[in-house]
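Have a look at the structure below, then the notes.
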Amino acid sequence: MTTTTDLMGAILDLAGDLDIRSLLERFVAASTAMTGAPYGAINIVDDHGASVTFVQSGVDPETVAALGHPPHAFGVLGEIPDEGVLRLEDLTHHPAFRGLPPGHPPMGSFLGTAVRVQGGRYGTLYLADKAGGFTDDDESVVRSLAAAAAVAVQNAELYAVERRREGWLTAGQQITTMLLEGADQEDVLERIAATARAVDGADACALVLPGRDDALVVEIVDGPAPATDLFGVDLSESPRVRSAFDTGTGHVVPSLATAPDVAPALAGFGPALFAPMTANGKGMGVLLLLRRRGAPPFTSTDLALSQTFAAQAALAFLLADARDAQGRAVLHDERTRIARDLHDLAIQQLFAAGIRVDAMRTWGEHALSPQVDAELGTVAAHVDAGIRQIRVIVRALDDPHAALSLVHRLQSEVDLATSSLGFRPTLRITLDGAAIDTDVDDRPAAVEIDALLAPGRANNVVAVVREGLSNTARHARPRSVTVRVAVTSGADGTITVEVEDDGVGIPAAPARASGTKNLAARAEQSGGTFMLLRPPSGQGALLRWTAPLD
């Protein structure tokens, strides 16, 4: 017989547990122990009556595994009222009884009651097969336990929300710190996806970012297969993704597997959350959180917290871009000031000194001795050399790379890519079909290439090689990479850049906002072309970028 002391002890025991799963197990255990029921369970279902969380006692693990899935809120289980209890002498005699699945233990007497949290049904407690049937005292016990469990669940959920809120805030601070410290943008995006997945208990996280021609493409994926298949998928036609990006309003879906108008790539998942990455009214992407079929759905609280994080991440990107732009502007202004001072002051003074030295050589009625004339000529030559050197410095200040040849800069890019690839890429440069030996200082050829290129074209070529090597290192998993730069002179001269790898190949939708979009834009600005192709070997990918020399 259950005493008041036993009941109070059980209620206090529930109140002290802040872990939802552990709390539900304690609730079921207390309910069976205090009523004498051999079988007990609490079932939490979705809006369609399908079970999403099921905690039971009494049925052995082998039988549970053989049954395959927990019961849903149908048949007798669907008759349990929102308030009060359903007590039966034998559940098999109820008009709504639909039978027990094969292998299920036989059950007779039954007692069910709803667990209500914040005015709504949170879950349903089932007790079954008590010898002699359930009593009025049993009803009173389960009512009291259900009320205590409801309060405990509410406290546990509030605690879990605060923990998640703290996790989201910490994650947002880490993202901001990474960006302001100058971390690579794609590294930050990968951290965003990994953090969001961990904090919100998702099975996968995908970042959908804008690509060419207003496309919305999955660029970053965190999670095991089948989530990895999402990489490169174009979700431009997904109404939920498009709505989140265009309107800045997020939403949750109980199950993509049963929802209408779902992109085929997403149809294999269950609950989903779409959080827009928006800053200053500008859409920068969509944070997509996914769970497996049958997993608990995302809540409105999940959506609110993830949207705050996504907005904070988007704002951090804007702030980092603004800071970089400000830093570049300050550096440019300082370089311009130094260049102006060198030109207006140092060069003018040297020029005046040179004129004075030349004048000294013709002063007076008597010619200077050959030795003095030679010394003054040497001084004048040094002054002229100094003026030329300062002019070179002025040009270098205006363009930091102006003093370096394109060949030298390409060698540096290949060297830098070695650490990320794990091996040194092959660099091949040709001028009118003739190969340039990049292992020696072929200065005449390097100077000739620089002379052929229009101002700023070398910067574009270096950026294309850098972007191509970076994308290959991040996504292709290659064993070898070859960079080819071909320059053809003449009236219709061109420069062609190719980056070829033997990696995983071209994704299904290769338009990437942080990668190939930039390459295409550089080609368009230069009056050239950009293509991402499959190499003649049929393995890996071939990036080809061309532009006229002038």
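Please read these numbers as outputs of a predicted model, since none were measured by experiment.
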Atom of A41, atom of F54 and distance for their closest heavy-atom approach: CB-CZ, 3.5 Å
Calculate, to the nearest 0.5 Å, the distance between atoms CG and CZ belonging to L266 and F274 respectively. 6.0 Å
Look at R242 together with E237 and state whether they make a salt bridge at an N to O cut-off of under 4.0 Å. no
Please find out if less than 6.0 Å separates the ring center of F110 from that of H94. no
How close do A259 and V262 get, counting heavy atoms only, and between which atoms? O-CG2, 3.3 Å
Looking only at heavy atoms, what is the nearest atom pair of N459 and R409, with distance? OD1-NH2, 2.9 Å
Side chain to side chain contact (heavy atoms under 4.5 Å, CB included) between L543 and E498, worked out: CA-CA 5 Å; L543 180 158; E498 292 185 342; over 6 Å; no
Within this structure, what is the CG-OG1 distance for the pair L127 and T32, rounded to the nearest 0.5 Å? 7.0 Å
Within the side chain of R291, is there an N or O that forms a donor-acceptor pair under 3.5 Å with the backbone of G201? yes
Sidechain-backbone polar pair: S470 side chain, R466 backbone, donor-acceptor under 3.5 Å: no
Taking it one step at a time, do Q56 and V28 satisfy side chain to side chain contact (heavy atoms under 4.5 Å, CB included)? CA-CA 7 Å; Q56 66 87 30; V28 173; 5.8 Å; no
Compare every heavy atom of G540 with every heavy atom of P535, then report the nearest pair and how far apart it is. CD-O, 3.4 Å
Can you give me the closest heavy-atom contact between G503 and Q539, atom names plus distance? O-CG, 4.2 Å
Expected output: side-chain E219 to main-chain V208 donor-acceptor under 3.5 Å: no
Taking S526 for its side chain and A523 for its backbone only, find out whether a donor-acceptor pair lies under 3.5 Å. no
Sequence neighbours left out, what passes side chain to side chain contact (heavy atoms under 4.5 Å, CB included) with P478? Give chain and number order. L421, F423, T472, A476, V481, D501, D502
Distance (rounded to the nearest 0.5 Å) between R428 CZ and T482 OG1: 5.0 Å
Distance check, rounded to the nearest 0.5 Å: F231 atom CZ versus H475 atom NE2? 4.5 Å
State, to 0.1 Å, how close P105 and Y39 come at their nearest heavy-atom pair, and which atoms those are. CB-OH, 3.5 Å
If only atom types and distance count, is the side chain of S236 paired as donor or acceptor with the main-chain N or O of L216 below 3.5 Å? yes
So, S238 side chain and L235 main chain: donor-acceptor pair closer than 3.5 Å or not? no
Atom CG in L469, atom CD in E413: separation rounded to 0.5 Å? 7.5 Å
With T546 as reference, evaluate T529, T494, T496 under the side-chain hydrogen bond (donor to acceptor under 3.5 Å, both in side chains) test and give the passing residue. T529
Check: A310 main-chain N/O paired with Q307 side-chain donor or acceptor under 3.5 Å: no
Using a strict threshold of under 4.0 Å (side-chain N to carboxylate O), is an ion pair present between R21 and E25? yes
Sequence neighbours excluded, the answer for side chain to side chain contact (heavy atoms under 4.5 Å, CB included) partners of A196 is W168, C205, L287, L289, F309
Excluding sequence neighbours, so at least two apart, what forms side chain to side chain donor-acceptor pair (under 3.5 Å) with D60? T63
Name the residue from L86, L77, T113, I42 that meets the side-chain contact (heavy atoms from CB on, under 4.5 Å) definition with Y126. L77
Any donor-acceptor pair under 3.5 Å linking the side chain of R240 with the backbone of D261? yes
For the residue pair T299 / D302, report whether a side-chain donor-acceptor contact shorter than 3.5 Å exists. yes
Within 6.0 angstrom of R534 CZ, more than 12 heavy atoms from elsewhere: yes
Backbone N/O of L125 and side chain of N43: donor-acceptor pair under 3.5 Å: no
Atom pair CG (L273) and CG (L305), whose distance is rounded to the nearest 0.5 Å: 10.0 Å
Under 3.5 Å: donor-acceptor pair, side chain of R457, backbone of P548: yes
